[in-house]
Colleague: 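Let me begin by handing over the structure; questions about it come next.
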Protein chains: 2
Amino acid sequence: MDKKSVETQELIIRAAKKVFAKKGLAGARMQEIADEAGINKAMLHYYYRSKDGLFEHVFQEAVIKLLRPVAAFLADDSELFQKIRNLCRHYYSVLSEYPFLPNFVMNEVNMAPERLLKMMEIEGFVEAKENTVQKINEAIQNGVIRSIDPRDLILNIVSLCVFPFVSKPLTEKLLFAGEDVDELLKNRADRVADFIIASIKLK
Amino acid sequence: MDKKSVETQELIIRAAKKVFAKKGLAGARMQEIADEAGINKAMLHYYYRSKDGLFEHVFQEAVIKLLRPVAAFLADDSELFQKIRNLCRHYYSVLSEYPFLPNFVMNEVNMAPERLLKMMEIEGFVEAKENTVQKINEAIQNGVIRSIDPRDLILNIVSLCVFPFVSKPLTEKLLFAGEDVDELLKNRADRVADFIIASIKLK
DNA sequence: ATTTTTTTTAACCAAGTGGTTAAATATTAT
DNA sequence: ATAATATTTAACCACTTGGTTAAAAAAAAT
């Protein structure tokens with residue numbers, strides 16, 4: 001395996017991520033990806049047969065990166081409140097590094113929902129979910145938290161973690177006009193966890 | 001003004017909404033919009049000069065529909081908890097009718113952020129926001145709710161209302177596999193409002 | 001009735017797109 | 001050194017796309 005070879009492939013992937021994230025599959029141009037990578041257009045097809053092939057590669061990585069925190073949360077065997085804190089921190093650290101991820105994934109899934117099915121070998125997901133639902137129900141019966149639909153709670157947690165990044169282009173112009181949004185998002189993880197726990201905890 | 005004329009224009013707009021929402025600006029095809037509307041491609045250019053012209057029309061309507069509830073919430077002079085309930089209900093009723101809206105707007109804003117600036121005459125937004133921030137701060141000082149950054153609270157509310165629709169394509173395959181997501185989302189408005197209030201209310 | 005507007009049809013164009021190819025050159029591995 | 005691989009260049013192709021046009025037909029307004 002050549003050294004230059006893998007280096008070039010990395011350049012391509014990095015550039016493809018950037019362009020696809022901003023323009024989407026339909027809006028991205030192969031020439032733009034090549035320019036962004038500082039290499040020739042022919043090389044794109046040399047390593048990745050087609051635009052779709054390149055996209056598939058990038059998209060798969062994005063989905064995994066976005067869903068791994070949830071899977072980890074669901075599988076985590078800590079105490080419930082600690083699980084929630086872990087997920088919030090994990091999500092915020094991942095999304096601070098890749099703020100484009102949620103928008104990119106959501107949008108492309110919306111464009112072609114069947115694409116997601118191709119990567120549902122992210123299994124263990126369903127079982128882990130059932131496990132967490134159980135755990136939440138136990139917490140309710142033990143009087144640790146108030147009564148709430150476990151799926152509702154999970155959706156609330158994910159919403160609070162992910163949406164601020166999805167909506168950043170909007171909020172930074174409307175809600176946070178003139179302020180440093182990144183700075184505001186920085187320590188949000190713990191505040192969000194507190195917000196959730198405050199809502200469900202029985203004192 | 002002809003009767004048939006406006007009817008056709010409505011057909012076009014309805015079709016354009018549908019196609020743009022699913023495929024985005026770059027992914028949408030004029031021919032597909034024409035087919036969807038059941039009319040000829042030439043008519044699209046007859047009434048709306050260009051693809052961009054047609055998109056602008058549809059997009060502007062979408063942004064307004066998406067932001068009006070927030071603006072209304074911010075301007076609402078009811079008591080805080082009632083304001084929150086109003087916003088949740090309002091959002092859920094709008095988004096149940098147009099579930100595609102958030103994803104569409106978020107994505108296109110992400111693609112070309114400058115597009116949003118063109119429609120920032122949705123003013124009164126900033127002033128209304130300041131008004132609500134004040135109101136939240138008063139509620140804190142009066143011991144009605146616990147201490148919280150008002151902008152954080154607003155972002156939380158919007159996150160909980162909007163994200164479930166943005167993520168529907170994902171959640172219905174991962175979190176709610178096999179269940180009726182629309183049914184689950186139906187009565188969520190009040191549950192979400194309760195969730196928020198439970199988190200901030202000082203009993 | 002006739003004038004004006006709307007709609008269809010269908011061919012057409014220029015530009016941009018993803019993708020290919022072949023030959024020359026540079027790089028790396030043996 | 002030599003063979004194998006990686007890279008560049010640049011021309012090229014088939015196809016799709018947004019958009020135009022002109023003429024005929026249909027519908028509506030006067």
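Letters go in sequence order (proteins before strands), and every chain restarts at 1.
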Colleague: Summarise protein proximity over nucleotides 11-20 of chain D in one line of letters, 5' to 3': B for base, S for sugar-phosphate only, - for none, counting protein heavy atoms closer than 4.0 Å.
Modeller: ------SBBB

Colleague: How many Å lie between CD on E10(B) and P on dT7(C), as a whole number?
Modeller: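 Computing the E10(B):CD to dT7(C):P distance gives 12 Å.
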
Colleague: Show the nearest heavy-atom pair for residues P164(A) and S159(B), with the distance to one decimal.
Modeller: CD-OG, 3.9 Å

Colleague: Nearest-Å distance, CD1 (I39(B)) to C1' (dA26(D))?
Modeller: 16 Å

Colleague: For F20(A) and dG18(C), what is the distance between atoms CZ and C1' respectively, to the nearest whole Å?
Modeller: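 From F20(A) CZ to dG18(C) C1': 11 Å.
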
Colleague: Dot-bracket, DNA chain D: Watson-Crick or G-U, under 3.5 angstrom, [ ] crossing, | other strand?
Modeller: |||||.||||||||||||||||||.|||||

Colleague: Is any side-chain N of the basic residue among D190(A) and R85(A) closer than 4.0 Å to the acidic one's carboxylate O?
Modeller: no

Colleague: Tell me: CD of E7(A) to C1' of dA26(C), nearest whole Å?
Modeller: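 From E7(A) CD to dA26(C) C1': 15 Å.
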
Colleague: Mind calculating the distance between CG (L54(A)) and C1' (dG19(C)) to the nearest angstrom?
Modeller: 13 Å

Colleague: Between N40(A) and Y46(A), which residue's closest nucleotide on DNA chain D lies nearer the 5′ terminus?
Modeller: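 Its nearest nucleotide lies further toward 5', so the answer is Y46(A).
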
Colleague: Classify the nucleic acid contact of L44(A) as base, sugar-phosphate or nothing, counting any heavy atom under 4.0 Å across all strands shown.
Modeller: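 No contact.
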
Colleague: Flag this pair as yes if the NZ/CZ of K201(B) is under 6.0 angstrom from the six-membered ring centre of F81(B) and inside a 45 degree cone about the axis; otherwise no.
Modeller: no

Colleague: Would you check if the distance from the ring center of F20(B) to the ring center of F59(B) is below 6.0 Å?
Modeller: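 No; F59(B) has its ring centre 6.0 Å or more from that of F20(B).
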
Colleague: Run through D194(A), V192(A), I200(A) and flag the one making a side-chain contact (heavy atoms from CB on, under 4.5 Å) with I84(A).
Modeller: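 For I84(A), the side-chain contact (heavy atoms from CB on, under 4.5 Å) test succeeds with only one of D194(A), V192(A), I200(A), which is I200(A).
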
Colleague: Quick one: is dT7(D) close enough that its OP1 or OP2 comes under 4.0 Å of any side-chain N or O from T8(A)?
Modeller: yes

Colleague: Is it the case that the side chains of N137(A) and Q141(A) hold a donor-acceptor pair, with the cut-off being a distance below 3.5 Å and no angle test?
Modeller: no

Colleague: Can you name the one residue among Y92(B), Y91(B), Y98(B) that meets ring-ring contact (aromatic ring centres under 6.0 Å, His included) with F165(B)?
Modeller: Y92(B)

Colleague: Using only atom types and a distance under 3.5 Å, with no angle test, would you say the side chain of K51(B) pairs donor to acceptor with the backbone of A28(B)?
Modeller: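 Flag set: sc K51(B) to bb A28(B) pair under 3.5 Å.
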
Colleague: Can we call the ring centroids of H90(B) and F73(B) under 6.0 Å apart?
Modeller: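 No, they do not, as the ring centres are separated by 6.0 Å or more.
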
Colleague: Can you check the M43(B) CE to dT21(D) P distance for me, whole Å?
Modeller: 16 Å

